[in-house]
Amino acid sequence: MEGIELIAFQIIASVGSARSSYIEAIQAAKAGNFEEAEALIKAGDREFNEGHHAHASLIQKEANQEQVDLKLLLMHAEDQLMSAEGFKVIAQEFIDVYDRFSKLG
């Protein structure tokens, strides 16, 4: 496997790990472990950035007039990238809500 397929799998693997970290962060916050939740967000961010950089490499190729074939696998990778980004936003909101509730009672 090489080329676009390899980059697509790099994106999928990285952002999949990021999404898992963001979900685990929500669970940690729910259990009152806010430091762990923050650490999981940071770990997710590192994974997400790896996927984002792989995606950016494809954009650079296209900007340099190199052929970038649009394949279903690449579309799936981009969908997973956007999904992980959305999960981060949701995770941060949940963490904030759980933190506020923990301070009320």
Side-chain angles (χ1 to χ4, degrees):
M1 180 178 5
E2 57 185 58
I4 292 174
E5 291 86 6
L6 181 60
I7 294 172
F9 277 116
Q10 289 172 337
I11 295 168
I12 292 166
S14 295
V15 301
S17 293
R19 186 175 50 239
S20 293
S21 290
Y22 298 146
I23 292 169
E24 288 177 32
I26 294 170
Q27 294 166 342
K30 184 177 181 179
N33 301 323
F34 298 105
E35 288 180 23
E36 180 183 354
E38 185 61 34
L40 285 162
I41 291 289
K42 288 180 182 177
D45 288 347
R46 287 189 295 274
E47 291 289 338
F48 182 85
N49 286 336
E50 286 184 29
H52 187 267
H53 290 301
H55 186 256
S57 74
L58 291 176
I59 294 171
Q60 288 174 339
K61 284 179 185 256
E62 190 166 284
N64 290 328
Q65 305 299 315
E66 294 179 45
Q67 181 67 32
V68 178
D69 294 326
L70 185 60
K71 297 185 177 216
L72 184 58
L73 184 61
L74 180 56
M75 291 173 55
H76 176 64
E78 290 180 329
D79 180 55
Q80 295 302 300
L81 183 81
M82 296 301 295
S83 172
E85 189 172 35
F87 267 94
K88 179 184 177 183
V89 171
I90 292 167
Q92 290 175 317
E93 292 296 322
F94 268 99
I95 292 167
D96 184 50
V97 167
Y98 285 127
D99 186 41
R100 287 180 189 200
F101 281 143
S102 74
K103 291 174 182 173
L104 291 176

For the [atom1] atom of [X] and the [atom2] atom of [Y], what is their distance to the nearest 0.5 Å?
X   : Y   : atom1 : atom2 : result
D69 : E5  : CG    : CD    : 8.5 Å
H52 : E47 : NE2   : CD    : 15.0 Å
K30 : Q27 : NZ    : CD    : 8.0 Å
F94 : I23 : CZ    : CD1   : 11.0 Å
R46 : K42 : CZ    : NZ    : 8.5 Å
I11 : L6  : CD1   : CG    : 10.0 Å

Student check: side-chain heavy atoms of [X] and [Y] closer than 4.5 Å:
X   : Y   : value
Q80 : R19 : yes
Y22 : L40 : no
E50 : Q10 : no

Specify the closest pair of heavy atoms between [X] and [Y], including all atoms of both residues, with the distance to one decimal.
X   : Y   : value
A18 : G44 : CB-O, 3.2 Å
I7  : S57 : CD1-OG, 3.9 Å
A77 : A8  : CB-O, 3.6 Å
G51 : S14 : N-CB, 3.5 Å
I41 : A91 : CD1-CB, 3.9 Å

Verify side chain to side chain contact (heavy atoms under 4.5 Å, CB included) between F9 and L73, making sure each step is shown before the conclusion.
-> CA-CA 8 Å; F9 277 116; L73 184 61; 3.5 Å; yes
Are the side chain of N49 and the backbone N or O of D45 linked by a donor-acceptor pair below 3.5 Å?
-> yes
Measure from the side-chain N and O atoms of S17 to the backbone N and O of A13, and report whether any donor-acceptor pair falls under 3.5 Å.
-> yes
With a 4.5 Å cut-off on side-chain heavy-atom distances among I, L, V, M, F, W and Y, is there a chain of contacts connecting [X] to [Y]?
X   : Y    : answer
I95 : F101 : no
F87 : I26  : yes
M75 : L81  : yes
V97 : L104 : yes

Is it the case that atom [atom1] in [X] sees more than 12 heavy atoms from other parts of the structure closer than 6.0 Å?
X   : atom1 : value
E66 : CD    : yes
F48 : CZ    : yes
F34 : CZ    : yes

